[in-house]
Number of protein chains: 2
Amino acid sequence: MSATLRQVAERAGVSVRTVSNVVSGFALVAPETRSRVQAAIDELRYRPNAAARHLRGGRSGLIALAVPEIASPYFSELAGLLAEEAGRRSLLLSIQQTGGDAKVERTLIDGVPGQTVDAVILSPWALSPAEITHRASDVPVVLLGEQDAGGLFDHVAVDNVAAARETTRHLIERGHRRIAAVGLQPHLGNGTATRRLEGYRQALAEAGLTADPTLEIPVARLHRTDGADAFTALRGRADAAFCFSDQLALGLMSAALRHGLTVPGDLAVAGFDDVEDGRYGNPPLTTVAPDKEAIARAALDCLEDRPAGAPARRVVAGHRLVVRAST
Amino acid sequence: MSATLRQVAERAGVSVRTVSNVVSGFALVAPETRSRVQAAIDELRYRPNAAARHLRGGRSGLIALAVPEIASPYFSELAGLLAEEAGRRSLLLSIQQTGGDAKVERTLIDGVPGQTVDAVILSPWALSPAEITHRASDVPVVLLGEQDAGGLFDHVAVDNVAAARETTRHLIERGHRRIAAVGLQPHLGNGTATRRLEGYRQALAEAGLTADPTLEIPVARLHRTDGADAFTALRGRADAAFCFSDQLALGLMSAALRHGLTVPGDLAVAGFDDVEDGRYGNPPLTTVAPDKEAIARAALDCLEDRPAGAPARRVVAGHRLVVRAST
DNA sequence: TTGAAAGCGCTAACAT
DNA sequence: ATGTTAGCGCTTTCAA
């Protein structure tokens with residue numbers, strides 16, 4: 001066990017109050033006293049006890065990030081940015097994996113069991129905002145990737161409809177007519193896929209193309225293997241594919257190449273997320289790049305000086321279409 | 001603020017002791033009393049204050065994972081496994097990114113500033129164990145990927161020498177003679193690259209091949225772009241490349257393909273880590289697959305009942321060579 | 001500028 | 001089976 005404030009005080013021949021002042025650096029302390037206290041601190045290798053501070057101060061400096069799975073490139077890139085931004089604000093980021101399980105998600109909006117977290121940043125998957133009517137705690141929550149949190153929670157997301165519209169339009173401009181949308185997730189409460197589908201359909205309509213429901217491909221998850229499955233489901237019926245994640249796009253593209261197709265010659269492929277794999281893909285992947293730094297910053301901004309009872313904030317982060325060799 | 005134990009006790013007409021017993025579930029409580037207390041807990045939406053528990057109990061249930069960067073696939077996959085395993089043990093995992101900075105690494109072996117963590121799991125990069133002669137705190141530390149922690153810290157790693165030897169031998173068996181080793185990091189304290197180089201040289205020697213220093217390529221970092229740079233440095237001089245990470249291998253492979261070479265025809269490529277990108281690469285990547293689950297489990301095992309003053313543990317996790325189409 | 005002391009919410013030793 | 005209470009280490013109000 002490390003030394004306590006009291007021990008340092010005795011050693012320096014002052015009161016705990018003075019030591020506390022020196023440690024926190026706030027109140028005025030006579031230079032001579034300060035150096036004596038500092039000496040005692042060094043000798044005793046004093047380190048403030050965070051638990052006591054937290055009990056006293058009510059804040060823990062810990063925030064929880066809850067994502068379906070951290071190993072997924074989009075989430076790990078976002079987590080890296082969030083961790084960095086948190087560090088800048090003297091906050092520590094913890095990670096929780098929901099596995100896309102509704103029960104876990106529901107638990108986590110009340111905080112992390114057995115921990116005091118100052119806030120929860122949740123990327124919901126199974127749960128729709130409508131399914132969260134009340135909660136047991138009042139920990140501030142920020143929802144990631146949601147466009148509408150029912151007024152209950154702060155949320156930050158890119159404009160999924162617009163991004164999908166732009167991407168689909170790009171495919172149309174490239175001369176494609178049978179464009180598939182890959183990545184519907186009708187079984188999930190999470191509205192992201194729905195919004196991207198909406199943008200896709202809008203672009204088709206604007207171009208006077210009729211949507212073909214058989215080109216709208218649902219997936220079980222957003223992994224590469226699901227992209228490969230989508231290729232099978234699609235076989236030959238499309239000349240372009242707009243995938244709702246880069247992982248799907250990469251999986252689909254690799255399946256296409258394995259089957260002897262050329263990309264983008266026989267099949268143009270676009271993704272969503274702009275993860276590193278896509279940038280170095282073969283060919284490099286056209287994708288929607290959400291402004292992840294902005295998302296990370298906005299999520300943490302939502303947690304600063306959260307006025308109790310204030311209306312939920314809604315932040316729309318930027319995005320841009322990055323055209324690469326796959327289209 | 002949530003209700004306190006005392007408030008619950010008053011509400012139920014019992015003492016705090018009894019409520020505490022009900023909450024923790026340990027001591028015996030009369031069924032009738034228990035249900036009355038439970039009712040009060042529910043009505044008041046009581047949730048135990050973790051900070052108070054931690055102050056009292058001395059343990060925080062928080063452990064820190066410190067890696068160079070969480071967005072790197074190997075680390076994010078490992079983090080996912082660690083988070084899962086931690087959850088199984090009612091522990092919460094926090095993440096810290098060192099950026100491979102020696103100063104940050106040195107700070108973190110004393111715990112996370114401003115937080116009480118029960119332990120630190122550090123994947124050192126810049127720091128060699130020899131550079132850590134003393135520390136300010138006594139937080140348990142587990143080093144990841146180190147084969148030798150100077151007797152000071154627990155550490156878990158795969159047998160890098162053996163793994164590198166097997167991989168190189170595999171390349172030799174495939175008929176390659178001019179085999180490059182890509183990924184030396186002479187500027188880093190971290191001994192991983194050194195050990196892999198050692199295994200590589202051993203395999204060459206065993207096969208009666210003389211090592212060619214110009215085929216041993218140093219890199220700045222372990223990203224894809226460094227692999228691409230290595231391809232340039234290597235141009236034409238090798239018929240196979242053993243890369244010390246999958247990211248390097250993927251980058252090198254993609255550069256080779258871009259330059260019109262075939263893989264493995266003109267250049268065979270092997271990696272290390274077995275990250276998901278490699279499995280779905282084009283072609284899929286031959287690689288060393290460390291037993292990441294075992295690493296995660298072992299790291300947390302090291303933290304359970306850590307007897308003070310016990311000698312540092314050394315765990316060697318398993319690995320296997322996964323041969324795919326790139327060789 | 002510094003000291004004394006209350007109290008954050010909880011657990012557990014001691015008592016009944 | 002349950003009540004009483006000290007004290008974990010810190011911050012901060014009140015006094016001096």
I need the [atom1]-[atom2] distance between [X] and [N], as an integer number of Å.
X: B:Gln115; N: D:dG9; atom1: CD; atom2: C1'; value: 16 Å
X: B:Leu55; N: C:dG7; atom1: CG; atom2: P; value: 17 Å
X: B:Asn21; N: D:dT5; atom1: CG; atom2: C1'; value: 15 Å
X: B:Gln7; N: C:dC10; atom1: CD; atom2: C1'; value: 13 Å
X: B:Arg36; N: D:dA1; atom1: CZ; atom2: C1'; value: 12 Å
X: A:Leu5; N: D:dG7; atom1: CG; atom2: P; value: 18 Å
X: B:Arg6; N: D:dG3; atom1: CZ; atom2: C1'; value: 12 Å
X: A:Arg17; N: C:dA6; atom1: CZ; atom2: P; value: 16 Å

Backbone N/O of B:Ala40 and side chain of B:Arg11: donor-acceptor pair under 3.5 Å: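 Checking the backbone N and O of B:Ala40 against the side chain of B:Arg11, no donor-acceptor pair under 3.5 Å is found.
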Nearest to the side chain of [X], heavy atoms from C-beta on, is which of [options]?
X: A:Thr18; options: D:dC10, D:dT2, C:dT2; value: C:dT2
X: A:Ser20; options: D:dT12, C:dC10, D:dG9; value: D:dT12
X: A:Ser15; options: C:dG9, D:dG9, C:dA4; value: C:dA4

Below 4.0 Å: OP1/OP2 of D:dT2 and any side-chain N or O of B:Thr33: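 Affirmative; the distance criterion is met.
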Over 12 non-hydrogen atoms of neighbours within 6.0 angstrom of CZ in B:Arg59: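 No, CZ of B:Arg59 has 12 or fewer neighbouring heavy atoms, counting only those of other groups under 6.0 Å.
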A:Pro31 vs B:Ala51, nearer the 5' end of DNA chain C by closest nucleotide: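 First, find each residue's nearest nucleotide; the 5'-ward one identifies A:Pro31.
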Minimal non-hydrogen separation, B:Ser94 against B:Ala64, with atom names: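 For B:Ser94 versus B:Ala64, the nearest heavy atoms are OG-CA, 3.3 Å.
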Contact summary for B:Tyr46 and B:Ala3, nearest pair of heavy atoms: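 Looks like CD1-O, 3.2 Å.
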Evaluation steps, side chain to side chain contact (heavy atoms under 4.5 Å, CB included), between A:Val156 and A:Leu144: CA-CA 5 Å; A:Val156 10; A:Leu144 254 32; 4.1 Å; yes
Closest-nucleotide ordering on DNA chain D, the 5'-leading residue of A:Val16 and B:Val14: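 Looking at the nearest nucleotide for each, B:Val14 comes out on the 5' side.
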